[in-house]
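Notes follow the structure.
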Amino acid sequence: MADKVRVVLPDGSKREYSSGITISEIIRESNPSLSKEAVAALLDGRMADLSEKVTEDSEIKIVSFDSKEGKGVFWHSTSHLMAQAVLDVFPGVKLDIGPSIDEGFYYDFDTPRPFEPEDLNKIEKRMEEIVKENLPFVRKEVSKKEAVEFFQQRGEKFKVARLSEMEEDRVFLYQHGNFVDLCRGPHVPSTGVIKSFKLLSIAGAYWKGSEKNPMLQRIYGISFPSPKELDEYLKRLEELKKRDHRVLGKELELFSISDDVGPGLILWHPKGAQIRRIIEDFWITEHQKNGYQLIYTPHIARLHLWETSGHTGFYRENMYSTMQVEDEEYQIKPMNCPFHIQIYKSKLRSYRELPLRLAELGACYRFERSGVLHGLMRVRGFTMDDAHIFCKPEQLEEEVIRLLKFSIWMLKTLGFENLQIFLSTRPDKFIGEEQNWEKATSALRQALEKQSLKFEVDEGGGAFYGPKIDIKIIDVMGRPWQCTTIQFDFNIPERFDLWFVGADGNYHRPIMIHRALLGSLERFFGVLIEHYGGAFPLWLSPVQVRVMPITDEQNSYSADILQRLQDEGFRAVMDDRNEKINFKIREAEKEKIPYMFIVGKKEVQDQSVSVRKHKGGDLGKFVLDELIRKLKEEVKNKSTE
RNA sequence: GCCGAUGUAGCUCAAUGGUAGAGCAACUGAUUUGUAAUCAGUAGGUUGAAGGUUCAAUUCCUUUCAUCGGCUCCA
């Protein structure tokens, strides 16, 4: 081992240190301000503890809370901190694992009795004490055998079970105080770094996520380097609560779910239905412009159809039971594709007809387990904005390019600028020819690359019947939602024995693409509500203008304005109740109506309108004609401002 | 489906083993009002449902339905 090591520092400069110096010493010496930020380090690109010794020439980068990795380290360390507190407060509890997640961390425990909400306070109190003790996290390398013995002795059967599945011979233990956990690390230097945390919820979670395994108790939490950041995070949670589509759906009278009707079944109230209708009209018009033909298909079909499609096999658990009609079994549809295929099959198809694009807003019913239902986001009855494209293999790529363009344009028009694209490739279990998979997957990839779209590859994430592209939209709160899905299907054309006559006069198998752009109208509406926080842009808003006379002397003038607005095609209403203008404004603001037209004596006198914009305050007086022109422009542009 | 929590007026919430109360909303009346709540009055409940314990249950117990947070799954 050399006496001296040459180290490339985070700022790119090089320095010499005596061998065995720790990373944190180097950082503290070379850049004290960085040392405060650092939660861990990258040592030659490998995640390392700050306490790790440097014994070779190497490059050091710091990992701070600002980065994804840094957050992971910080949260993971907090989960250890919490686990210690849990063991201190509830002796006899057994440990499973406690990773960091996208937002925060959790730890799974095996407990004699479930945790109660008050337990979280007790655990938090103990955590605070441990933070004050500022215990260092110490890393120790041991053989797997030693680790097994150690945890066996402590009765940590889940740890032992997980260890026995690991392939490595050498494993790492992390200790702070009397708490020892099996862990790859790295960790923050000491418990004192974790200044600010909150335990958020308790949940049951199956061991290793499988229903066959026993259920453990999971505690979720979040932590930050400063109380201020925690505060901001909790405020964000509040904001999310306010935007919750279930809350807004009720407040704004958009939709409801009735016990008497059944869980997961949506009642669209007039205002929600109005928005849906606008989206549907938009969708229909644009599909027609884009070479789709609209169709309608029934809600039920003979069970036989679903046997042919294969759904009774691989999709059975999501299907409702059949109903008996004149000694025939009928099935309510979980998908639209078999119907669309019947339309394809209704006559002999020529290559000249391809690509054939059949589109339908089709209502589907799927059985979802009671525990997974969630407002509009996860329901049992929903409307897919579905289409099936039948094409020749050589048309694939162009078709996918068209699809991507169409989908992205539509999502952006609806207000979603940020998208995430995923390409899912062949899973282990698949049907169809391997070379077809190759062709199709490369068509998808090429289509993405030709438009220089950024995408992630989900290896093996495709359906068993074909590869796919998924597009997720990122809403205004930064959350991803799955919408568009473009899936190839090698299965169904075979099963239904689909053909077209080629230019060569021979029969050929068409390729089929399933696709949905918005996903389902229900889920998309849910996302839309949360994205806009219920304050829809003018073109979507169920009520666009509310005309509000100040006293009943202006009622007739207001009625004229209302009539004019309605004649011009606006969704306008009048509030001529015997109330103060402040009160009317307050209600209109709460209902998030985009424009309030206020008319009093002055406006009647000079035949004008005072305009107030939702959240925008008083815009001043306008001539009605000019105003109508402006608003029409705003609707036409589908402006999201 | 599983684990836990919750379920009281349209909404948000309170209360006690002795037959439920507030604010907002609704309705009625007064008020004629200038950019986020005018005042007064009236009405509103088989306390999610069913069963049990008890002299007495909204409260305790059992079952059930639904919702919420998760697990699992997905448009």
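All values below come from the heavy atoms of this structure, side chains included, with hydrogens, waters and symmetry mates left out.
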Suppose you measure atom P in U16(B) against the same atom in U59(B); what distance do you get, rounded to whole Å? 14 Å

Give E589(A) one of three labels, base, sugar-phosphate or nothing, depending on what nucleic acid heavy atoms sit under 4.0 Å from its own. base

Is a salt bridge present between K590(A) and E251(A), judged by a nitrogen-to-oxygen distance below 4.0 Å? no

Checking all strands, does F583(A) fall into the base, sugar-phosphate, or nothing category for heavy-atom contacts under 4.0 angstrom? sugar-phosphate

Touch check for E368(A), heavy atoms < 4.0 angstrom, all strands: base, sugar-phosphate only, or nothing? base

Of the listed nucleotides C2(B), A36(B), A75(B), the one nearest the side chain of K590(A): A36(B)

Which comes earlier along RNA chain B counting from the 5' end, the contact point of S610(A) or that of K208(A), where each point is its nearest nucleotide? S610(A)

For atom CG of D102(A), is the number of surrounding heavy atoms from other residues, nucleotides or ligands below 6.0 Å larger than 12? no

Quick one: on RNA chain B, does F367(A) or R378(A) contact a more 5' nucleotide (nearest heavy atom)? F367(A)

Please determine if K472(A) forms a cation-pi arrangement with F422(A), meaning its NZ or CZ atom is less than 6.0 Å from the six-membered ring centre and no more than 45° off the ring axis. yes

Taking only the C1' atom of each, what is the distance from G69(B) to A9(B) in whole angstrom? 27 Å

Is E587(A) salt-bridged to R577(A), going by a charged N under 4.0 Å from an acidic O? yes

Any side-chain donor near an acceptor of the partner, T322(A) and Q331(A), under 3.5 Å: no

Salt-bridge test for R366(A) and E317(A): reply yes if a basic N is under 4.0 Å from a carboxylate O, no otherwise. no

Picking from I598(A), T551(A), D575(A), what satisfies side chain to side chain contact (heavy atoms under 4.5 Å, CB included) with I581(A)? I598(A)

Check: R612(A) side chain, A36(B) base, donor-acceptor under 3.5 Å: yes

Tell me the interatomic distance from K212(A), atom NZ, to C71(B), atom C1', rounded to whole angstroms. 15 Å

How close or far is atom P of G10(B) from atom CG of L267(A), stated in whole angstroms? 17 Å

Examine A37(B): is either OP1 or OP2 under 4.0 Å from a nitrogen or oxygen in the side chain of N582(A)? Give yes or no. yes

When you compare U19(B) with G23(B), how far apart are their C1' atoms, in angstrom units rounded to a whole number? 25 Å

Could you state the CE-C1' distance from M377(A) to G70(B), rounded to the nearest angstrom? 17 Å

Given G1(B), A37(B), A75(B), which nucleotide is nearest the side-chain atoms of R586(A)? A37(B)

Pair partner, G34(B) [Watson-Crick or wobble, under 3.5 Å]: none

Quick check against the 3.5 Å criterion: does Q217(A) have a side-chain atom that pairs as donor or acceptor with the backbone of T111(A)? no

Which part of the nucleic acid does D618(A) contact within heavy-atom distance under 4.0 Å: base, sugar-phosphate only, or nothing? base

Using purine N1 to pyrimidine N3 plus N6-O4 or O6-N4 for Watson-Crick, or N1-O2 and O6-N3 for G-U wobble, each under 3.5 Å, what pairs with C27(B)? G41(B)

Calculate, to the nearest 0.5 Å, the distance between atoms CD1 and CZ belonging to I97(A) and F158(A) respectively. 11.5 Å

Taking only Lys NZ, Arg NE, NH1 and NH2, and the carboxylate oxygens of Asp or Glu, determine whether K122(A) and D119(A) approach each other closer than 4.0 Å. yes

Looking at every strand, decide which applies to I598(A) at a 4.0 Å heavy-atom threshold: base, sugar-phosphate, or nothing. base

Stacking between G70(B) and Y220(A), yes or no? Criterion: centroid separation under 5.5 angstrom, plane angle under 30 degrees. no

Starting the side chain at C-beta, find the nucleotide from G4(B), G70(B), G34(B) nearest to M215(A). G70(B)

Complementary nucleotide for G4(B) - Watson-Crick or wobble, under 3.5 Å: C68(B)

State the pairing partner of G51(B); accept Watson-Crick or G-U wobble contacts with both distances under 3.5 Å, and report none otherwise. C61(B)

Which parts of nucleotides 59-68 of chain B does protein reach within less than 4.0 Å, heavy atoms only, written one letter per nucleotide 5' to 3' as B for base, S for sugar-phosphate only and - for none? -------SSS

Touch check for M384(A), heavy atoms < 4.0 angstrom, all strands: base, sugar-phosphate only, or nothing? nothing

Just the rounded figure in Å: distance from P of C2(B) to CG of L216(A). 17 Å

D260(A) CG - A49(B) P separation (whole Å): 12 Å

Say you pick atom C1' in U8(B) and the same atom in A30(B); how far apart are they, in whole Å? 34 Å

When every non-hydrogen atom of S407(A) is compared with those of L517(A), the smallest separation belongs to CB-CD2, 3.7 Å

Give me the distance, rounded to whole Å, that separates U46(B) from A40(B) when you measure between the P atoms they each carry. 29 Å

What's G519(A) touching, base or sugar-phosphate or nothing? Going by heavy atoms closer than 4.0 Å. sugar-phosphate

At under 4.0 Å between heavy atoms, what does R523(A) touch on the DNA or RNA strands: base, sugar-phosphate, or nothing? base

Among A26(B), A75(B), U32(B), the one nearest R577(A) by side-chain distance: A26(B)

Hey, does G209(A) reach any base, or is it just sugar-phosphate, or nothing, if we go heavy atoms under 4.0 Å? sugar-phosphate

Tell me the interatomic distance from D110(A), atom CG, to C3(B), atom C1', rounded to whole angstroms. 13 Å

Please measure how far the C1' atom in U58(B) lies from the corresponding atom in G4(B), and state the result in whole Å. 23 Å

Touch class at under 4.0 angstrom, heavy-atom based, for E603(A) against every strand present: base

Any base atoms under 4.0 Å from Q217(A), or only sugar-phosphate, or nothing? Heavy atoms, all strands. sugar-phosphate

Let me know the distance between CG of D576(A) and P of U32(B), rounded to the nearest Å. 17 Å

Selected nucleotide, minimal atom distance to R366(A) side chain, candidates G1(B), C74(B), U38(B): C74(B)

Using atom C1' of each nucleotide, how far apart are U28(B) and G70(B) to the nearest Å? 49 Å

Taking N and O atoms by type only, does the side chain of Y206(A) place a donor or acceptor under 3.5 Å from a partner on the base of G70(B)? no

In whole angstrom, give me the gap between the C1' atoms of G52(B) and A14(B). 28 Å

At 4.0 Å (heavy atoms only), tell me whether K584(A) reaches a base, stays on the sugar-phosphate, or touches nothing. nothing

In whole angstroms, how far is the P atom of A75(B) from the CG atom of L517(A)? 15 Å

Side-chain donor/acceptor contact of D552(A) with base of U32(B) under 3.5 Å: yes

